[in-house]
*Asks:* 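Below is one structure. I have some questions about it.
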Amino acid sequence: MKTGPDIARIAALIGDPARANILTALMSGKALTATELAAEAGVTAQTASAHLARLEAGGLVTQTRQGRHRYTRLASDEVAHLIEALMGIAAGAGHLRTRPGPRDPALRRARVCYNHLAGDMGTRMYDSLRARGFLQQDDTTLTLTDSGHRFITSLGLDPDHLPSPRTAMCRDCLDWSERRAHLAGRLGRGLLAHIEALGWAHRVPGTRIVRFTPKGDTAFNAAFPTP
């Protein structure tokens, strides 16, 4: 018998179309009910509950009860990175959904990847930070430099007091639509929250789209100029 991690089990869990749709819906970073996820998956609520039980047993989602409802979210940042990476592989191989809609260009421009900014705006921000030496890549480790710390502080965000201290400060995440990296980790999460708090952008309800205002576009371009 072979030893080591059982990747076949995880692949089988993700490989079911209904469960794949559930996991994709949870990439919004929000906790959703079984009823909401059933609609995303195109199955009955009872079937969705069975899928959620299997995903929870596999360590891909967590469920918490609040009042009459049970809410589901992705189990960790690592699961979100896995789903985003699979999206990139699928897109690169030409395995795309057959019903593209008007939201596709908006998703490609700016969207939430679990808890950080993705799409064209996300990769532009990452490239700008790297080009100015604010982020430094050493082998597989991405770090915020001293000059980067000063820059982030100048934006009004304190890198030393970001939530989730056990999570890496900086982490690159492969963007499925741009096929390049965007910024994840505590800093990526903090920057998206800060952008929203400044009123530069807001999330479109019921979607993963992040929509920038005209003033937000101008401010973003000034803060993160194209290299």
*Asks:* Under the ring-ring contact (aromatic ring centres under 6.0 Å, His included) rule, what pairs show up with a residue in residues 25-76, not counting sequence neighbours?
*Replies:* none

*Asks:* Could you state the interatomic distance from CD (Gln63) to OG (Ser49), rounded to the nearest 0.5 Å?
*Replies:* 7.5 Å

*Asks:* Anything under 3.5 Å between a donor and an acceptor, one on a side chain of residues 164-171, the other on a protein residue two or more places apart or in another chain? List them.
*Replies:*
residue, atom, partner, partner atom, Å
Ser164, OG, Arg189, NH1, 3.2
Arg171, NH1, Glu78, OE2, 3.1

*Asks:* Within the 3.5 Å criterion, strictly below it, is a donor on Ser147 or Thr145 matched to an acceptor on the partner's side chain?
*Replies:* yes

*Asks:* Are Ile195 and Ile209 connected in a single hydrophobic cluster, I mean Ile/Leu/Val/Met/Phe/Trp/Tyr linked by side-chain heavy atoms less than 4.5 Å apart?
*Replies:* no

*Asks:* Mind checking the CG-CG spacing from Leu174 to Leu82? Nearest 0.5 Å is all I need.
*Replies:* 11.5 Å

*Asks:* Using the rule that two of Ile, Leu, Val, Met, Phe, Trp, Tyr join whenever any of their side-chain heavy atoms come within less than 4.5 Å, decide whether Leu183 and Phe134 are in one cluster.
*Replies:* yes

*Asks:* Take Leu135 and Leu144 through the side-chain contact (heavy atoms from CB on, under 4.5 Å) test and state the conclusion after the steps.
*Replies:* CA-CA 5 Å; Leu135 295 176; Leu144 181 67; 4.1 Å; yes

*Asks:* Might you point out which heavy atoms bring Ala222 and Pro225 nearest each other, and give the distance in Å?
*Replies:* O-CD, 3.6 Å

*Asks:* side-chain contact (heavy atoms from CB on, under 4.5 Å) for Phe224 and Met121? Distances and angles first, verdict last.
*Replies:* CA-CA 9 Å; Phe224 306 103; Met121 302 292 271; over 6 Å; no

*Asks:* Check whether more than 12 heavy atoms from other residues, nucleotides or ligands sit under 6.0 Å from atom CG of Asp138, and answer yes or no.
*Replies:* yes

*Asks:* With hydrophobic residues grouped by side-chain heavy-atom distances under 4.5 Å, do Leu187 and Phe151 end up in a single group?
*Replies:* yes

*Asks:* Could you tell me which residues satisfy salt bridge (Lys or Arg N to Asp or Glu O under 4.0 Å) with Asp158, sequence neighbours excluded, listed by chain and number?
*Replies:* none

*Asks:* Between Asp120 and Glu178, is there a side-chain heavy-atom distance shorter than 4.5 Å?
*Replies:* yes

*Asks:* Are the side chains of Met27 and Cys113 in contact, using a 4.5 Å heavy-atom criterion?
*Replies:* yes

*Asks:* Is there a continuous path of hydrophobic side-chain contacts, each under 4.5 Å between heavy atoms, that joins Val112 to Leu32?
*Replies:* no

*Asks:* Is the count of non-hydrogen atoms from other residues, nucleotides or ligands lying under 6.0 Å from Arg211 atom CZ greater than 12?
*Replies:* no

*Asks:* So that I can tick it off, tell me whether Arg208 and Glu84 are bridged by a salt bridge, with the cut-off set at under 4.0 angstrom between side-chain N and carboxylate O.
*Replies:* yes

*Asks:* Could you walk me through whether Arg73 and Thr64 pass side-chain contact (heavy atoms from CB on, under 4.5 Å), step by step?
*Replies:* CA-CA 9 Å; Arg73 64 173 65 249; Thr64 57; 6.0 Å; no

*Asks:* Can you spot which of Leu117, Leu162, Leu155 makes a side chain to side chain contact (heavy atoms under 4.5 Å, CB included) with Leu191?
*Replies:* Leu155

*Asks:* According to side chain to side chain donor-acceptor pair (under 3.5 Å), does anything in residues 191-202 pair up with another residue at least two apart or in another chain? List the pairs.
*Replies:* Glu196-Arg203

*Asks:* Please name the pair of heavy atoms, one in Ala18 and one in Val43, separated by the smallest distance, quoted to 0.1 Å.
*Replies:* CB-CG1, 4.0 Å

*Asks:* What's the spacing between Ile14 CD1 and Ile7 CD1 if we round to 0.5 Å?
*Replies:* 10.5 Å

*Asks:* Taking only residues two or more places apart in sequence, or in another chain, which ones meet Arg132 in a salt bridge (Lys or Arg N to Asp or Glu O under 4.0 Å)?
*Replies:* none

*Asks:* Compare all side-chain heavy atoms of Asn221 with those of Arg124 and state whether any distance is below 4.5 angstrom.
*Replies:* yes

*Asks:* Looking at OG1 of Thr33 and CZ of Arg70, how far apart are the two atoms once the value is rounded to the nearest 0.5 Å?
*Replies:* 12.0 Å

*Asks:* With distance as the sole test, does Ser28 use its side chain to make a donor-acceptor pair with the main-chain N or O of Ala25 at under 3.5 Å?
*Replies:* yes

*Asks:* What's the spacing between Thr35 OG1 and Glu40 CD if we round to 0.5 Å?
*Replies:* 12.5 Å

*Asks:* Report the distance from atom CG of Leu26 to atom CD of Glu36, rounding to the nearest 0.5 Å.
*Replies:* 10.0 Å

*Asks:* Sequence neighbours left out, what passes salt bridge (Lys or Arg N to Asp or Glu O under 4.0 Å) with Asp127? Give chain and number order.
*Replies:* Arg180

*Asks:* Side-chain contact, heavy-atom cut-off 4.5 Å: Arg111 with Asp175?
*Replies:* yes

*Asks:* Can you check whether Thr72 reaches Leu55 side chain to side chain, under 4.5 Å on heavy atoms?
*Replies:* no

*Asks:* Is it true that Leu60 and Leu86 fall in one hydrophobic cluster, defined by side-chain heavy atoms closer than 4.5 Å?
*Replies:* yes

*Asks:* Show your reasoning for whether side-chain contact (heavy atoms from CB on, under 4.5 Å) applies to Leu23 and Leu74.
*Replies:* CA-CA 7 Å; Leu23 292 168; Leu74 294 181; 3.8 Å; yes

*Asks:* Hey, can you tell me if His116 and His81 have their rings parallel, tilted or perpendicular (30° and 60° cut-offs)?
*Replies:* tilted

*Asks:* Are side-chain heavy atoms of Tyr114 and Ile83 found at a separation under 4.5 Å?
*Replies:* no

